[in-house]
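Structure, as structure tokens:
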Number of protein chains: 2
Amino acid sequence: MNELDITDRKILTLLQRDGRMSNADLADAVNLSPSACLRRVKRLEDDGYIDGYAMLVNQAAVGKPTNVFVEITLRSLSEETVDAFEHAVINCPDVRGCYLMSGDADYLLRIACAGPEGYEHIHRNYLSRMPGVSRIRSSFALRTVCKKTGVKMADI
Amino acid sequence: MNELDITDRKILTLLQRDGRMSNADLADAVNLSPSACLRRVKRLEDDGYIDGYAMLVNQAAVGKPTNVFVEITLRSLSEETVDAFEHAVINCPDVRGCYLMSGDADYLLRIACAGPEGYEHIHRNYLSRMPGVSRIRSSFALRTVCKKTGVKMADI
DNA sequence: GGTGAAAGAAAGATAGC
DNA sequence: GCTATCTTTCTTTCACC
């Protein structure tokens with residue numbers, strides 16, 4: 001992977017903002033011909049800069065307005081404990097992100113749910129049943145101040 | 001906003017997975033004519049179910065492989081302190097998410113950066129300069145176990 | 001909700017710098 | 001090596017049933 005030039009970074013910035021903009025408009029915005037622009041996008045895709053394209057659904061509109069951050073500590077960090085736990089996490093439908101952490105807890109999860117009742121359901125049916133868990137600490141988000149799917153490109 | 005039927009939920013699920021799939025293919029997948037399918041998508045957009053469409057950039061590929069979760073406590077939660085702080089957060093380019101929290105700390109931020117050195121830069125130039133901050137506690141993610149942009153629809 | 005026609009966009013081939 | 005233009009093909013979008 002070689003460096004991204006300013007045009008590449010502009011393309012990434014614009015498509016992060018609107019993943020459905022037409023190639024013609026994109027080409028216009030970065031001062032390229034449509035074919036040259038499309039070739040750059042394909043190259044960025046092929047070189048692994050792009051994980052995909054997604055519709056962003058409004059969590060609240062589809063009944064999951066509440067975000068809960070859950071710190072989880074395992075009984076051990078042996079390979080099998082970790083594998084079993086992570087497998088369970090990945091298959092939990094309402095886990096929107098999971099990170100192996102430094103610090104007190106081993107994992108941090110973000111869960112989207114239908115209020116405290118919705119969280120109780122997830123806690124009872126998923127979290128408390130996950131293998132190897134020794135401690136669960138939940139913190140509710142009272143409000144989302146900001147949420148960005150895009151990564152800021154340098155110098156843009 | 002009335003209920004979403006099974007077809008609406010299928011549409012949302014498919015477009016969350018691939019925000020650029022053609023309307024023709026989408027219509028085919030949900031057994032509708034292209035025009036009927038497009039009408040549904042437009043209705044979902046107009047009714048606020050959809051926040052937008054985005055290209056998902058690979059954080060690591062563009063030089064920001066590291067996620068840091070930052071708990072921030074303010075000196076007070078007066079309206080002006082909160083407003084000034086949140087304004088600063090929203091304008092910090094590497095903050096990928098910020099939530100007002102219950103629990104010990106007032107805010108939880110996720111930051112994407114170029115390793116510990118990158119985080120030090122953000123800490124020095126942004127976080128430590130944010131107004132009203134009394135305490136900052138940073139936890140580094142060692143690995144991303146999973147990350148989902150999509151919301152799970154019921155019964156699909 | 002479906003059909004069909006017109007407008008528009010994408011993808012590939014070709015030619016020029 | 002790169003890019004622009006042209007043409008075919010597919011898709012979107014609209015009016016109408």
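Here is how names work: the chains are called A, B, and so on, in the same order as the sequence lines, proteins then strands, and each is numbered from 1. What's counted below: heavy atoms across the whole structure, side chains too, no hydrogens, waters or symmetry copies.
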### Message
Side chain of L38(B) only, heavy atoms from C-beta on: which candidate in dG2(C), dT12(D), dT5(D) is closest?
### Response
dT12(D)
### Query
Do the side chain of S33(A) and the base of dT5(D) come within less than 3.5 angstrom through a donor-acceptor pair of N or O atoms?
no
### Message
So which atom in C146(A) and which in I90(B) form the shortest heavy-atom distance, rounded to 0.1 Å?
### Response
CB-CG1, 4.1 Å
### Donor-acceptor pair between T66(A) and Y119(A) side chains, under 3.5 angstrom
no
### Task
Run the salt-bridge test on R135(A) and D104(A) with the 4.0 Å N-O cut-off and return the result as yes or no.
no
### Message
Between the side chains of R40(B) and D8(B), is the shortest nitrogen-to-carboxylate-oxygen separation below 4.0 Å, so that they form an ion pair?
### Response
yes
### Task
Could you check which of dT3(D), dA11(C), dT13(D) has an atom nearest any side-chain atom of R40(A)?
dT3(D)
### Distance, nearest 0.5 Å, that separates CD1 of I136(A) from CG of L127(A)
5.0 Å
### Query
side-chain contact (heavy atoms from CB on, under 4.5 Å) with L12(A): which of I156(A), V151(A), I50(A)?
I50(A)
### Message
What residues from residues 5-28 of chain B pass a heavy-atom cutoff of under 4.0 Å to DNA chain D?
### Response
S22(B), N23(B), A24(B)
### Message
For dT13(D) and R39(B) - does any side-chain N or O of the residue sit under 4.0 Å from the phosphate oxygens OP1/OP2?
### Response
no
### Query
Between dG4(C), dG12(C), dG1(C), which nucleotide has the shortest distance from any of its atoms to the side chain of A36(B)?
dG1(C)
### Task
Report the distance from atom CG of L32(A) to atom C1' of dT5(D), rounded to the nearest whole Å.
15 Å
